[in-house]
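Report on the structure given below.
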Amino acid sequence: METAALHYELPDAAVAQQPAEPRDSSRLLVDRGPNHAPRHHHTRDLPELVGPGDVLVVNNTRVMAARLGLRKATGGRVEVLLLEPGDNGWWQALVRPGRRVPPGTHLCFDGQPVLEVGDRIADDGRRWVRPTGDAHTLMSRAGQVPLPPYVTATLADPERYQTIYADRPISAAAPTAGLHLTDAVLDRCRRAGAEIHALELAVGTATFASVTTEHLHDHVMHTERYRIPESTLAACTRADRVVAVGTTVVRALESAAATGSAEGPTRLFITPGYRFAVVDALLTNFHLPRSSLLALLAAFIGPRWRDLYATALAEGYRFLSLGDAMFCTRLEPPPP
């Protein structure tokens, strides 16, 4: 499949710069299949869309304060985005401007060296870096929660880029479908008969890196780590319908089904033609053109994603990480 098949025109005005207030006032486009017009709801209406036998699965990772504003000994500014830990104290990171920071450079905060920059990992900009002390202590001192580059406004409350159930700080970006949910909405989902379960997928470059290749099959997915509790796996097994809150949940559950492992690294790249083994319905935001997230949506609901996106744009829905959401049901695959 050519990557151009995932292109659409996204006006700048459609990109949300602030989250909806309150969280569950965000709009929700409900897909009803190829032969029915979608319905317009709000996220607070999610309990009306679930019921007994449904299992909602969320990604409860917390976004690290992973964006570090540091300086070279010469005074030049360098931004480091910590992605995930490696061995012996080294971390994968994005370093900008990377070309001006050779291996062996020590970067400083408040005049003190706090991080060493190492070798390149790949041509995509990733580098090895090593904090001189504990990485999480450094993030608490020098870090900020990283917002996507298309969000140019400052959030009045940084917690709005965290889900209400965020737990371990291991992600470099938010699992944004969960940003719409509130305790009240989840409680009402439970009262409707649905179960709520959690897993972890540490959101990194596999989720937010652009697809720049001409053909999707040439795109190289980076590794992200996932961990699924046995209780979540058991709930999905007995469920009548598994509802994934976000694409990261889809990738974690489908990775576990493909490998038989409840935790580990995944490079799963879901594209049209993929046969889903676990997930039946999906709550997700509206995604960038030519992205791996949009490829997953196209695999999940087929080519009708284009009509749904056109409807959303025409109706003034807000797109991307801080924007509105859609609820869709998996396209049934043809018989093998």
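It should be emphasised that the depicted structure is a prediction, and the values quoted were computed from it without experimental measurement. All values below were derived from every heavy atom in this structure, side-chain atoms included, with hydrogens, water molecules and symmetry-related copies excluded.
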Enclosure of D12 CG (heavy-atom neighbours >12, cutoff 6.0 Å)
no
Is it the case that over 12 heavy atoms from other parts of the model lie below 6.0 angstrom from the CZ atom of R190?
yes
For Q144, I'd like to know if atom CD has over 12 heavy atoms of other residues, nucleotides or ligands within 6.0 Å.
no
Are side-chain heavy atoms of V95 and V129 found at a separation under 4.5 Å?
yes
Between the side chain of S171 and the main-chain N/O of A174, is any donor-acceptor distance below 3.5 Å?
no
If two hydrophobic side chains count as joined below 4.5 Å and joins carry through other members, does F327 share a cluster with V250?
no
I would like to know whether V145 and Q162 meet side chain to side chain contact (heavy atoms under 4.5 Å, CB included); could you show each step before the answer?
CA-CA 9 Å; V145 170; Q162 307 280 6; 4.0 Å; yes
Any chance you could measure Y8, atom OH, to L313, atom CG, to the nearest 0.5 Å?
6.5 Å
Are any non-hydrogen side-chain atoms of P19 and L155 less than 4.5 angstrom apart?
yes
Lys/Arg N to Asp/Glu carboxylate O, E195 vs R238, below 4.0 Å
yes
Please walk me through it: do Y274 and E254 pass side chain to side chain contact (heavy atoms under 4.5 Å, CB included)?
CA-CA 10 Å; Y274 179 85; E254 295 293 331; 3.0 Å; yes
Does R225 come within less than 4.0 Å of E263, counting only side-chain N to carboxylate O?
no
Quick one: pull up CG in D307 and CZ in R304 and give me the separation to the nearest 0.5 Å.
10.0 Å
Side-chain ion pair, E224 and R251, N-O less than 4.0 Å
yes
Starting at CG of L181, measure out to CG of L46 and round the result to the nearest 0.5 Å.
6.5 Å
Is there a side-chain contact between L320 and L10, using heavy atoms and a 4.5 Å cut-off?
yes
Could you check whether any side-chain heavy atom of L308 comes within less than 4.5 Å of a side-chain heavy atom of I301, counting everything from C-beta outward?
yes
Any chance you could lay out the side chain to side chain donor-acceptor pair (under 3.5 Å) test for T213 and H219, step after step, and finish with the verdict?
CA-CA 6 Å; T213 57; H219 175 66; 4.9 Å; no
What closest approach, in Å, do F109 and G69 show between heavy atoms, and which atom pair accounts for it?
CD1-O, 3.9 Å
Can you name the closest pair of heavy atoms from L83 and A172 and give their distance?
CD2-CB, 4.1 Å
Strictly distance-based, threshold 3.5 Å: is any side-chain N or O of H106 a donor or acceptor partner for the main-chain N or O of G104?
yes
Tell me the closest heavy-atom pair linking H287 and L294, and the distance in Å.
CB-N, 4.2 Å
Should the pair Y309 and W305 be assigned to parallel (<30°), tilted (30 to 60°) or perpendicular (>60°) ring geometry?
perpendicular
D54 side chain to G51 backbone, donor-acceptor under 3.5 Å:
yes
Do you reckon L268 sits in the same ILVMFWY cluster as F300, going by side-chain contacts under 4.5 Å, direct or chained?
yes
Contact between M326 and L282 at the side-chain level, heavy atoms closer than 4.5 Å - yes or no?
no
Got a second to check how far L216's CG is from T3's OG1, nearest 0.5 Å?
4.0 Å
hydrophobic_cluster_shared for L283 and V57, side chain cutoff 4.5 Å
no
Could you point out which residue of L297, V279, L296 forms a side chain to side chain contact (heavy atoms under 4.5 Å, CB included) with I270?
L296
Does any N or O in the side chain of T207 come within less than 3.5 Å of the main-chain N or O of V203, such that one atom is a donor and the other an acceptor?
no
Minimum heavy-atom distance between A202 and I170, given as atom pair plus value:
CB-O, 3.4 Å
Locate the shortest heavy-atom distance separating F269 from A295; write the atom from each residue and the value.
CE1-CB, 4.1 Å
Atom pair CD1 (I228) and CG (L253), whose distance is rounded to the nearest 0.5 Å:
5.0 Å
Between CE on residue M64 and CZ on residue R168, distance to nearest 0.5 Å
11.0 Å
Does CZ belonging to R32 count more than 12 external heavy atoms closer than 6.0 Å?
yes
Starting from V185, can I reach V243 by hopping between I/L/V/M/F/W/Y residues whose side chains sit under 4.5 Å apart?
yes
Report yes or no: does D324 contribute a side-chain atom to a donor-acceptor pair with the main-chain N or O of R318 at less than 3.5 Å?
yes
Shortest non-hydrogen separation from L56 to C189 and the atoms involved
CD2-SG, 4.2 Å
Less than 4.5 Å apart, any side-chain heavy atom of L6 and any of P289?
no
If you apply the rule side chain to side chain contact (heavy atoms under 4.5 Å, CB included), what do you find for Y161 with L322, and how did you get there?
CA-CA 8 Å; Y161 193 60; L322 300 181; 4.1 Å; yes
Between R27 and E315, is there a donor-acceptor pair closer than 3.5 Å when you use the side chain of the first and the backbone of the second?
yes
Main chain of T163, side chain of R23: is a donor-acceptor contact present, judged purely on distance under 3.5 Å?
no
Same apolar cluster: M1 and L293, side chain cutoff 4.5 Å
no
Under 3.5 Å: donor-acceptor pair, side chain of R267, backbone of M221
yes
State, with a plain yes or no, whether a side-chain heavy atom of P175 is found less than 4.5 Å away from one of L201.
no
Derivation of the side chain to side chain donor-acceptor pair (under 3.5 Å) call for T43 and S26:
CA-CA 6 Å; T43 312; S26 57; 2.4 Å; yes
May I have all residue pairs that pass ring pair (Phe, Tyr, Trp, His ring centres under 6.0 Å) and include part of residues 15-43, sequence neighbours excluded?
H40-Y317
Under the side chain to side chain donor-acceptor pair (under 3.5 Å) rule, what do S321 and Y150 come out as? Steps first, then yes or no, please.
CA-CA 9 Å; S321 293; Y150 48 76; 2.6 Å; yes
Side chain to side chain contact (heavy atoms under 4.5 Å, CB included) assessment of R96 paired with L94
CA-CA 7 Å; R96 294 189 178 95; L94 297 174; 4.0 Å; yes
Under 3.5 Å, which donor-acceptor pairs link side chains of residues 84-92 to any protein atom two or more places apart or in another chain?
residue : atom : partner : partner atom : Å
Q92     : OE1  : R126    : NH1          : 3.0

Quick test of your reading of the model: are E159 and R62 salt-bridged, counting only N-O distances below 4.0 Å?
yes
Are the side chain of E79 and the backbone N or O of R67 linked by a donor-acceptor pair below 3.5 Å?
no
For residues 111-119, which side-chain N or O atoms pair as donor and acceptor with protein atoms under 3.5 Å away, sequence neighbours left out?
residue : atom : partner : partner atom : Å
E116    : OE1  : R130    : NH2          : 3.2

Is it true that atom CZ of R39 has more than 12 heavy atoms of other residues, nucleotides or ligands lying nearer than 6.0 Å?
no
Judged by atom type as modelled, is there a donor-acceptor pair below 3.5 Å linking the side chain of D45 to the main-chain atoms of E48?
no
For residues S25 and R44, determine if any side-chain heavy atom of one lies less than 4.5 Å from a side-chain heavy atom of the other.
yes
